[in-house]
Amino acid sequence: MMVRAQTSHPLDPLSAAEISVAVATVRAAGATPEVRDSMRFVEVVRVEPDKQVVALADAYFFPPFQPSLIPRTKGGPIIPTKLPPRRARLVVYNKRSNETSIWVVELSEVHAATRGGHHRGKVISSKVVPDVQPPMDAVEYAECEAVVKDFPPFREAMKKRGIEDMDLVMVDPWCVGYHSDADAPSRRLAKPLIFCRTESDCPIENGYARPVEGIHVLVDMQNMVVIEFEDRKLVHLPPADPLRNYTAGETRGGVDRSDIKPLQIVQPEGPSFRVNGHFVEWQKWNFRIGFTPREGLIIYSVAYVDGSRGRRPVAHRLSFVEMVVPYGDPNDPHYRKNAFDAGEDGLGKNAHSLKKGCDCLGYIKYFDAHFTNFAGGVDTIENCVCLHEEDHGILWKHQDWRTGLAEVRRSRRLSVSFICTVANYEYAFFWHFYQDGKIEAEVKLTGILSLGALQPGEVRKYGTIIAPGLYAPVHQHFFVARMDMAVDCKPGEAHNQVVEMNVKVEEPGKNNVHNNAFYAEEELLKSELQAMRGCNPLTARHWIIRNTRTVNRTGQLTGYKLVPGSNCLPLAGSEAKFLRRAAFLKHNLWVTPYAHDEMYPGGEFPNQNPRVGEGLATWVKQNRSLEETDIVLWYVFGVTHIPRLEDWPVMPVDRIGFMLMPHGFFNCSPAVDVPPNESDLDLKDTVIAEKPVQNGLLAKL
């Protein structure tokens, strides 16, 4: 039977037209004009499709058409004429009633924006979620800043500090977190941090160099009014630091380096990757790219094409689902800084358009991202996701000392990334794919430190003095990667398990007469409570996700291993308030069986959330079996930041992450067939060229 052409793969992000239809459908379903006018649209995303629907789409509806994904049945497969309609999931905040609701809308084929106000959707379900607050929105931030700057007692307090020009003042609204019943979600609250620039005619001045301390402000974000204000302590503004600015040349009061020569990355035959919609193929890898306002970049359906063994799945879904930034200064306001930047704000919503500055070089494929704005319109971030190849040094090398003959291969990797700004910090998120079968997750941290002001002669041990009257508190950054694994598992199969590997030193005795013996010992993680694990570099601890029914040529089970990078745990007491919402930070690894509604480790709505019984730490109390199932890994990794003078006025990039490496997945190294540079048949040549030297030769690597 001929199948009907489909315009959107089930895993494709919602188009701008689909978002418009979903919003129009929900708005039309409002009971009264007042309800409709009060609707604010926090998030509109595609409902995650069932894995069997994804398999059906990949098998018969979308290239490269892989019928082998569908299990064989007697009489042949039953192929439907079309896929189920796509569905949108909307988080809607009612500004009048302070209620949050979740709607599911079924979308028909949507080819353009709604015509004449008509919509093509059907409400499947709607429910009010009691006692929660959804993420904040940029519109609310802007309104909050205006309200605070227009509040007479605030203007008077700033006047005491020598500031009368409100155009100099920066108000950064922060979610209040949850420290007591006063922060309960019955009210939508923000507690802003205040900063002040020194030059009104310099819009790119580093205003974070002058924090305003001693002023307590609490804003009701539902009604957009200041409900608490107190000028608690007169702390004079730090003097204008002559080193505060970071823009080029004279605009920062300095001179740029003049001795750096041009470096060009060119690919004269184009890239080695192929892109069809959101489907990417490169060097035997293939996957799909997704994007949401909360998580940002998502990598779907990761598989490796392994010769005669065909397409071998590795993971169904990879993403960063949460990040938490707790500060270590007990003084006000810094003790309240413990932002959940994904759940309270949104990593994707704060993503950059890389038209405004991209750190990638070479031939780049960009992907746009579409979001709803607070009013229900559609905003598009152009060039939001960057896809490009990079030269990555030596892949492998060996020289035979007898013959003097050498073989060397350069490494090429494919990088998929996006960058977001959350207030003062920038975060760049990367998934790197390698020719030897590795997948690397990397986060780059940069931007500007969140600072505090000091009284003359004051010193605080909870931070670093980086300029006169200015200090940077100690803090940590934690990230949570959620990895829905599928190692050698076709759709519908649940044949994965996780084992922990630790290196042990052999006891002295007949098996270790030379006292040099050590070995790797494995332990099967049989249940969720057993699988709450921490990193241990002293035993080279790592974890292997194995297929319980597929073996390699030596008879070992095939697998992929998670290899930690540098890591840490929260430097806070067990009763720390932020750990009530972030109990998932207490272990570096968690393992759960797949459940479609278990997506976010702190629960869906961590903003002002007082409840302990939500999220990852609660789900694992079921202690479900992990011996052979559809495995989801939650890896928590972080960095402890003790600021230095060299982190001012901008913080050079800090990198953290981890590796997913094949472990018995291949019968030998998949990198052995990478051709040498001189006879590069498969890869396109990457040329790194400098300006020609005087003798006319072109320096070429």
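This chain uses plain numbering: 1 for the first residue, then up along the sequence.
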Quiz item: Less than 6.0 Å separating the ring centroids of Phe666 and Tyr304?
Solution: yes
Self-check item: Ring centres under 6.0 angstrom apart (His392, Tyr434)
Solution: yes
Any donor-acceptor pair under 3.5 Å linking the side-chain atoms of [Y] with those of [X]?
{"X": "Arg413", "Y": "Ser411", "result": "no"}
{"X": "Asn502", "Y": "Asn536", "result": "no"}
{"X": "Asn623", "Y": "Ser527", "result": "yes"}
{"X": "Ser415", "Y": "His432", "result": "yes"}
{"X": "Gln66", "Y": "Arg311", "result": "yes"}
{"X": "His9", "Y": "Asp58", "result": "yes"}

Exercise. Taking atom NZ of Lys438 as the centre, report whether more than 12 heavy atoms of other residues, nucleotides or ligands fall under 6.0 Å from it.
Key: yes
Quiz item: Hey, which of Phe340, Phe637, Tyr635, Phe320 is the one that makes ring pair (Phe, Tyr, Trp, His ring centres under 6.0 Å) with Phe479?
Solution: Phe637
Quiz prompt | Phe291: which of Phe418, Tyr300, Phe367 passes ring pair (Phe, Tyr, Trp, His ring centres under 6.0 Å) | solution = Phe418
Practice problem: Quick one: do Val105 and Ile124 satisfy side chain to side chain contact (heavy atoms under 4.5 Å, CB included)? Show the steps, please. | Solution: CA-CA 5 Å; Val105 172; Ile124 301 300; over 6 Å; no
Do [X] side-chain atoms and [Y] backbone N/O form a donor-acceptor pair below 3.5 Å?
{"X": "Gln435", "Y": "Ala671", "answer": "no"}
{"X": "Asn547", "Y": "Asn496", "answer": "no"}
{"X": "Asp306", "Y": "Lys284", "answer": "no"}

Heavy-atom closest contact ([X] atom, [Y] atom, distance):
{"X": "Ala486", "Y": "His316", "answer": "CB-N, 4.2 Å"}
{"X": "Leu90", "Y": "Val44", "answer": "CD2-CG2, 3.6 Å"}
{"X": "Arg541", "Y": "Pro564", "answer": "O-CD, 3.6 Å"}

Practice problem: Take Leu569 and Leu585 through the side chain to side chain contact (heavy atoms under 4.5 Å, CB included) test and state the conclusion after the steps. | Solution: CA-CA 7 Å; Leu569 289 170; Leu585 298 183; over 6 Å; no
Exercise. Give a yes or no on whether a salt bridge exists between Glu628 and Arg549, defined as a side-chain N under 4.0 angstrom from a carboxylate O.
Key: yes
Would you be so kind as to tabulate the donor-acceptor pairs closer than 3.5 Å made by side chains of residues 599-606, with sequence neighbours excluded?
{"from": "Glu604", "atom 1": "OE1", "to": "Arg89", "atom 2": "NH2", "distance (Å)": "3.0"}
{"from": "Glu604", "atom 1": "OE2", "to": "Arg89", "atom 2": "NH1", "distance (Å)": "2.7"}
{"from": "Glu604", "atom 1": "OE2", "to": "Arg89", "atom 2": "NH2", "distance (Å)": "3.4"}

Quiz item: Quick one: does NZ or CZ of Lys349 land under 6.0 Å from the six-membered ring centre of Phe371, within 45 degrees of the ring axis?
Solution: no
